[in-house]
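Chain naming here is simple, since letters A, B, ... match the order of the sequence lines and numbering starts at 1 in each. These numbers were taken from a predicted model, which means no experiment stands behind them.
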Amino acid sequence: MAEITAQHLHKGKKTVFVTPGEVITQEPDYMRGHGSYSDDRCHLRASVSGWVEKVNKLVCVRGLKGRYQGEVGDVVVGRVVEVGQKRWKVDTNAKLDSILHLASINLPGGVHRRRSEEDELLMREYFCEGELISAEVQQVYEDGSLSLHTRSLKYGKLLYGTLVKVPPYLIKPCKSHFHNLSSSVSILIGKNGWIWISPRSLDTSADQTADKEDKEPDVTPEIRSTIARLVNCIQALVSYKVLLYETSISCCYEESLKYSELIELLKPDVQQEIVLRAINLDAIS
Amino acid sequence: MYRPVRLSVYEREYIIGGAEASIRSDGRKETEYRDFSIELGVVSNAYGSARVDLHSDTTVVMTAVKAELVAPLDDRPDEGKVEFSVECSPVVGPGFEGHSSDFIGLGITHLVKKTFLTSPNAFNTKSLCVLSGRQNWCLYVDTLILQMGGNLVDVVMIAIRAALENTRLPRTTIVEEGEVPEIEISDDPTSQIQIDTTGIPLCVTLHKVGIKVLVDARRDEETCSRACMHVIVNQTGKVCGMHMSQGGSFTPKQVLSGVERAVLQSKAMFESIREKINAIDVHRDSISIFLT
């Protein structure tokens, strides 16, 4: 049992991994936070598996599995669930619905927003219930709920494409979460475990312009099968608990090209093969 | 029967466009079925059980068969009974807690019951007779939905068939001592009776998405579906029932081609179940040889 000494906790930066029931510390002067409990001998034990976090005398365990716990600056994909007073409620796979204020969006076309009542009445025109958006976490409130913003051209409404939901702990934090995987397909890896694969190239910075918004792009069968292949590759990587980031996904995609029939990629033995090859390829590169 | 998932207009259009272009969101064509795996004997205190898992974006369903000796109905003294029930477990996800998901289980229970009622050859209830007019077997076939990835009815029917194939009833002997004959239930695990499952049908569900008719729809496709048809087919390839759920309609041509496709598909499914169960049996035999 890897017991954590006071030095460990004071070092702060060292990540300590614990499993449920493991003693975090035997010293009595620590306070128990989320994911921990103290037993009858006043030993602090973990109640979930994850990393130990310490703020002064408060010890928390950040769980591995479970819902998304946001951090400021994370790129997320969310679904609008409610249009409210000057704000949207967005499902981001977190414990609580996230909030997107009317003041923290860029209007379509980059038009400057005037604070008026008309504007509030038009909210449903910007984002309607059920629509998917990409956003960045602006603030984490005390109760753990998130405040989002879309004040950049790269964020906003997501149109045609496929959403893949994966466990958030499999998403590797990277500098960029927007990637062009081929000439016609782009992928947005949300830190909350929602991955958006769309047929539009991200280079077109005029994404947000109003005239383009509702026009259906020509989705050719080739683009569709590329997207479907990516979906299957991500599912394969998830079933073998491989971290998801651009390289792992593109390596797996390369390996999957051997199978021309997309349904083959749903078979467990094929999945195992392509994931193992992708891991090797990833290790070499 | 289906709890829709929330989709935006654009996603919907993308899914419908994909169905029409014959490249669905997981790359299947409209006639392609997902592979499934079967585990047998997953509930140790049941007479037979099975867990069926539809691969990738999974639907998981578990069925257990329990048996009891009960008095038969007066007008059918030599027939046993079979009771079906399907329940949706709250572990499926948030929003399935409490009684909110009862209607899903009830809808499927109803469909399964109707299937077995309207096709009298589906299950030979006379084979459950122990002592005519007095004590016959009653089978309780309970199904639990553990994960929802679409195409529930088909998977439930596969699980029911697999669980019944796995069911072994204890051998009974009638001892005629005194005035009232008594039933003796053998506890010998080597001499058990297998149930005849040849008549138990499977279901192939067809969804109309856009202008295409899909088999084995995922949950997002079910949400986009405009009409849904369950075709129930038995091992000999005979259609023994058809049900429609949700509103919407099919054209006569779609119905005919749909039934044809369902018959073809069910043939493959019967074979696949047979193969999977045989593989498990072979595996178990090899283990038992190893142990002795």
Tell me, with the steps shown, if A/Ser248 and A/Leu237 meet side chain to side chain contact (heavy atoms under 4.5 Å, CB included). CA-CA 8 Å; A/Ser248 69; A/Leu237 289 168; 4.3 Å; yes

Using non-hydrogen atoms only, which part of A/Ser239 is less than 4.5 Å away from chain B: side chain, backbone, both, or neither? neither

In terms of ring plane angle, is the pair A/His149 and A/Tyr155 parallel, tilted or perpendicular, where the classes change at 30° and 60°? perpendicular

Contact leader toward chain B among A/Pro221, A/Cys128, A/Ala228, A/Gly161, where contacts are heavy-atom pairs under 4.5 Å: A/Gly161

Measure distances from B/Arg12 to the heavy atoms of chain A and classify the residue's part below 4.5 Å as side chain, backbone, both or neither. neither

Can you tell which part of B/Phe36 gets under 4.5 Å to a heavy atom of chain A, answering side chain, backbone, both or neither? neither

Does this structure show an ion pair linking B/Glu30 with B/Arg261, if we count only N-O contacts that are shorter than 4.0 Å? no

Let me know if A/Leu265 has heavy atoms under 4.5 Å from chain B in its side chain, its backbone, both or neither. neither

Residue pair B/Ser25 / A/Thr162, side-chain donor-acceptor N/O under 3.5 Å: no

With only heavy atoms counted, which part of A/Arg229 is less than 4.5 Å from chain B, the side chain, the backbone, both or neither? neither

Picking from B/Arg161, B/Glu271, B/Lys267, what satisfies side chain to side chain donor-acceptor pair (under 3.5 Å) with B/Gln235? B/Arg161

At a heavy-atom separation under 4.5 Å, does A/Val164 approach chain B through its side chain, its backbone, both, or neither? neither

Inspect the contact between B/Asp220 and B/Arg218 and indicate whether a charged nitrogen and a carboxylate oxygen are less than 4.0 angstrom apart. yes

